[in-house]
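Order of the sequence lines sets the chain letters (A, B, ...), proteins ahead of strands, with each chain counted from 1.
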Protein chains: 2
Amino acid sequence: MDLNPRKLRILRAIVDEYILSGAPVGSKVLSQNPSFKLSSATIRNEMADLEDLGYLEQPHTSAGRVPSDKAYRLYVNNMMQRSNLTEDEVKVMSAYCQNKVKGLDAVMRETASVLSRITHYTALVMMPESTTNRLRHLQLVPLAEGYALVVVVTDAGVARDSVIRVPVEMGADELGRLSRLISQRYYNCRMIEVGDRMMKELGGELQARGTFLTDLVDTMETAPGANAHRIALSGTNNMLDFPAYSDIDRARQLLAAVEKKDSMYQMLKNAGPFEISFRIGSELGQDIFSDCSLVTATYRIGSMPVGTMGVIGPTRMPYGKVVSVLDYMSKSLGSILTNLLEED
Amino acid sequence: MDLNPRKLRILRAIVDEYILSGAPVGSKVLSQNPSFKLSSATIRNEMADLEDLGYLEQPHTSAGRVPSDKAYRLYVNNMMQRSNLTEDEVKVMSAYCQNKVKGLDAVMRETASVLSRITHYTALVMMPESTTNRLRHLQLVPLAEGYALVVVVTDAGVARDSVIRVPVEMGADELGRLSRLISQRYYNCRMIEVGDRMMKELGGELQARGTFLTDLVDTMETAPGANAHRIALSGTNNMLDFPAYSDIDRARQLLAAVEKKDSMYQMLKNAGPFEISFRIGSELGQDIFSDCSLVTATYRIGSMPVGTMGVIGPTRMPYGKVVSVLDYMSKSLGSILTNLLEED
DNA sequence: GATTAGCACTCATGGGAATGGAGTGCTAAA
DNA sequence: TTTAGCACTCCATTCCCATGAGTGCTAATC
């Protein structure tokens, strides 16, 4: 008893049907499908076999069958075909971010938003990161006396949002001078090296400035990391649409889990550098997500993979459609970022 | 038949009890309260009167009474007393944002987060805004060729995240020079005037730069506005805890409404410049919020009100507690911002 | 040997009917 | 003016039963 072609065809029909209807699939509806010239009894026998093999499950004795995670895995590996995008979808996706140039944050947020609106699921977009980040520009912006905003521009994006203390006697002019100095001297330097070099080469000059230099170096080193751990999240509410979560308690747990950005980041990260990757139900390794799948795509700056975006939905999501959307969006984001940051 | 003292006492007891239990309050539990030396029958009569006067409602004939919006309004105006904060609460609130200096965004997000964690409701914090914003510093940070990040620092905070196109021939040096020029010449200028003056005074010099100057001015003028329209939102999930929203459909609608930041911004804005303000149920003017109240507090930089923070919860929230928390947090945020940005 | 018709069986679902209980309004007595 | 008492209302819960979809198994058929 192995997976002969007929079993495969039946399994595929069950998955397709279940994704469409959401209700357990019985032998009768399949036998009515004209592409099968089999009676319901025959199909029942095959279904019983498929259940023994672990591809199908029965919610209860007198219900139809539901695909197992194993079945979905087989489906996405061997049976699924990408579906074509509708004109409307392409319109929405190609229109986004075209009108204005925006900051990195805004681009990420918009990407997530479009992704969730089109799929009707929850979208995650990881900030771009790169182990070979290089410095493009450093700017110290004076705030109140004794404080400055540190703006670090790397070839993978802008890392901001860090305020550090500066010696009171350093005015706007001095901060400007220092910004120019560092930007010029360390232009195109790898971010992981910049800190060490600055400590060595500028240590003397800035010795009198107390902890200022170390603070600055710390900020520069952690900034890209902090950036990396950030993800844009959109459409969490869509989780509530899954019939499986009509139970309010489960729904709340799920929402809470999704909003833990750290663990979501890990999930994206774990997907690996594949063009498209699937993690189905139990493969996600978290009980609360046992009815969910995560489909991810890698996006690139130039030809270098720098980040991952993904969609979380019910295991019975229309994978073909989701893959097409992710494929389109990851390329789209890639080209936006490449334009925004490309080496001159 | 008017609101004699006894009616007031009964009404207050009903509101307190209902806020505590969430279940309609019957005459019997009140008569068992030793502070009333009245039989349940007497209380029933008074309750019937209070219902005629519009202060109480009955879900159905044989249920207890529930306070109406009118009753809550009377309660917060005349009967409520602030409750003391627990040691734990004070510890959490005083610890937040103490350890590190952070950017404005981070401070706002943390404030919202603390607020929602302590109240267990949904917290909204408006970015600081001021009609008398003054320029502190402008910095153009070179990105890829032809693009620059505009960083505007005002006395009310940092407005960032805007990228503009710049003429390709303007290099990092030229951008730095221009930044210094503008920062010096327009230091402490009102933001609403800066644009006009720049157009007049720099128009000649930058005539050859195409739309660069207008783009820059646009960005500077809209930046504080865009900033103003931004709010930090936290704890939206807490909405799902309200028993009133155990219906998944309503819950979804509510979540969707809360995440429309524009309309949330308007709601905060409408609260006016009062120290503490309440908007109860129907007073919010949106059907979906008919079971919710919004309590807001104004926060200040120095002595000038610059923003509003608020908490959305069920109309039966413990107003006394919420007011105490908002009061504490608004002062706390005010002093953080004042320190961060105070005039030297 | 593979397929199918037929049948008994299981079990989730949904619609009453019965029950219990909380709370009310009203009346008459204190 | 207050209260005890009582009839009444209506929600919530439980139980029961009919329904129907779908199954597994067996025996007949191709």
Side-chain angles (χ1 to χ4, degrees), chain A residues 1-11 13-15 17-18 20-68 71 243-244 246-248, chain B residues 1-11 13-15 17-18 20-68 243-244 246-247:
Chain A
M1 179 174 77
D2 57 344
L3 278 181
N4 59 40
R6 191 171 73 179
K7 281 197 176 57
L8 286 175
R9 280 184 59 216
I10 290 178
L11 182 56
I14 291 174
V15 174
E17 176 65 25
Y18 184 65
L20 208 66
S21 73
V25 181
S27 55
K28 202 169 168 190
V29 291
L30 286 190
S31 72
Q32 280 159 356
N33 182 329
S35 73
F36 294 109
K37 294 187 190 77
L38 296 171
S39 75
S40 64
T42 311
I43 293 179
R44 270 204 295 284
N45 287 329
E46 295 286 45
M47 283 166 89
D49 288 354
L50 285 167
E51 185 170 354
D52 288 343
L53 290 165
Y55 291 102
L56 293 179
E57 284 161 5
Q58 231 178 343
H60 56 86
T61 329
S62 68
R65 298 310 207 292
V66 164
S68 67
S246 53
D247 170 26
I248 200 96
Chain B
M1 179 176 76
D2 58 342
L3 278 181
N4 58 41
R6 192 170 74 180
K7 281 196 176 59
L8 285 175
R9 280 183 59 215
I10 290 177
L11 182 57
I14 292 174
V15 173
E17 176 64 26
Y18 185 65
L20 208 65
S21 72
V25 181
S27 55
K28 203 168 168 191
V29 291
L30 286 190
S31 72
Q32 279 157 357
N33 182 329
S35 73
F36 293 108
K37 295 187 188 79
L38 297 172
S39 74
S40 63
T42 311
I43 293 179
R44 270 204 294 285
N45 287 329
E46 295 286 43
M47 283 166 89
D49 288 353
L50 285 167
E51 184 170 355
D52 288 343
L53 290 165
Y55 290 101
L56 294 179
E57 285 160 5
Q58 230 177 342
H60 56 84
T61 329
S62 68
R65 300 307 209 292
V66 165
S68 67
S246 54
D247 170 26

For B/Q32 and C/dA22, what is the distance between atoms CD and P respectively, to the nearest whole Å? 11 Å
Closest approach of A/S31 and A/S40, non-hydrogen atoms and distance? CB-N, 3.7 Å
If the cut-off is 4.0 Å, is B/R65 near the phosphate of C/dG25, judged by side-chain N/O to OP1 or OP2? yes
Donor-acceptor pair, side chain of B/S68 and main chain of B/G54, under 3.5 angstrom: yes
For residues 37-48 of chain A, pull every pair meeting salt bridge (Lys or Arg N to Asp or Glu O under 4.0 Å), keeping only residues two or more places apart or in separate chains. A/R6-A/E46, A/K7-A/E46
Can you check the A/L56 CG to D/dT23 C1' distance for me, whole Å? 14 Å
Just N and O in the side chain of B/S27: are any of them under 4.0 Å from OP1 or OP2 of C/dG23? no
To the nearest angstrom, how far is B/F36 atom CZ from D/dT1 atom P? 19 Å
Between C1' on C/dG23 and CD on B/E17, what's the gap in Å once rounded to a whole number? 15 Å
Is the phosphate of C/dT27 approached by B/R44 (side-chain N or O, under 4.0 Å from OP1 or OP2)? no
Going from CG on B/D49 to OH on B/Y55, what distance comes out if it is rounded to the nearest 0.5 angstrom? 12.5 Å
note: A/M47, atom CE; D/dC25, atom C1'; distance rounded to Å ~ 16 Å
Tell me whether the side-chain N/O atoms of A/T42 come closer than 4.0 Å to OP1 or OP2 in C/dT4. yes
At under 4.0 Å, does any side-chain N or O of A/S39 touch on OP1 or OP2 of C/dT4? yes
Whole-Å distance between D/dT1 C1' and B/K7 NZ? 13 Å
On a heavy-atom basis, the closest approach of B/V25 and B/I14 is CG2-O, 3.9 Å
Base of C/dT10 paired with side chain of A/S62 (donor-acceptor, under 3.5 Å): yes
Residue mapping more 5' on DNA chain D - nearest nucleotide basis, A/V29 or B/R6: B/R6
Within this structure, what is the OH-to-C1' distance between A/Y18 and D/dG22, rounded to whole angstrom? 16 Å
Nearest to the side chain of B/L38, heavy atoms from C-beta on, is which of C/dT3, D/dT3, D/dG24? D/dT3
Pairwise 5' ranking along DNA chain D for A/E51 and B/H60, keeping only the more 5' one: B/H60
Can you identify which nucleotide, out of C/dT24, D/dT3, D/dG24, has its nearest atom closest to the A/A48 side chain? D/dG24
Over how many whole Å does the gap from A/N45 atom CG to D/dG24 atom P extend? 8 Å
